[in-house]
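Inspection log for the structure reproduced underneath, given as structure tokens.
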Amino acid sequence: MKLARLANDLSQEKLAQRVGVTRQTIGLIEAGKYNPTLKLCQAICHELNQTLDDLFWEDKDEKE
């Protein structure tokens, strides 16, 4: 998610404002320490022009 955010030239603060959460929430999501709701995931994907699969679903091959 962080790479997509940076590719869209957005700070954590700006993305947070756009999706209605705090900057700290975005930081925690990027660090893998917060499990966002599906609604929040969709809002983030919309702002970053990404799909849910692109940003939030782990590739099973990465786990092996």
Side-chain angles (χ1 to χ4, degrees):
M1 185 175 112
K2 181 178 182 179
L3 294 176
R5 177 178 57 76
L6 294 173
N8 281 277
D9 196 32
L10 290 172
S11 65
Q12 287 182 347
E13 182 68 32
K14 184 56 99 174
L15 178 59
Q17 289 173 354
R18 290 185 179 188
V19 299
V21 297
T22 65
R23 183 205 53 80
Q24 290 84 353
T25 299
I26 297 299
L28 289 171
I29 294 169
E30 288 182 354
K33 297 181 179 182
Y34 181 82
N35 189 14
T37 64
L38 181 56
K39 183 177 178 179
L40 178 53
C41 290
Q42 289 173 318
I44 291 169
C45 287
H46 176 77
E47 290 299 326
L48 299 179
N49 300 308
Q50 299 287 316
T51 67
L52 286 169
D53 284 343
D54 291 338
L55 291 184
F56 295 104
W57 268 241
E58 291 182 22
D59 186 353
K60 71 175 187 169
D61 294 334
E62 291 176 6
K63 292 181 180 179
E64 296 174 358

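We number each residue from 1, following the sequence as shown.
- Nearest heavy-atom pair across Arg23 and Ala16 is N-CB, 3.6 Å.
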Check: residues 31-46 side-chain donor-acceptor pairs under 3.5 Å, at least two apart:
| from | atom 1 | to | atom 2 | distance (Å) |
| --- | --- | --- | --- | --- |
| Thr37 | OG1 | Leu40 | N | 3.0 |

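- For the atom pair Leu15 CG and Arg5 CZ, the distance stands at 7.0 Å (nearest 0.5 Å).
- Separation of atoms CG (Leu6) and CG (Asp9) is listed at 8.5 Å; rounding is to 0.5 Å.
- In this structure, the separation between CD on Glu30 and CG on Leu55 is 10.0 Å, given to the nearest 0.5 Å.
- Counting heavy atoms from C-beta outward, Met1 and Ile26 have side chains that approach closer than 4.5 Å.
- Judged as a salt bridge (charged side-chain N to carboxylate O under 4.0 Å, His left out), and not counting sequence neighbours, the contacts of Arg18 are Glu47.
- With values rounded to the nearest 0.5 angstrom, Leu3 atom CG is found 10.0 Å from Gln50 atom CD.
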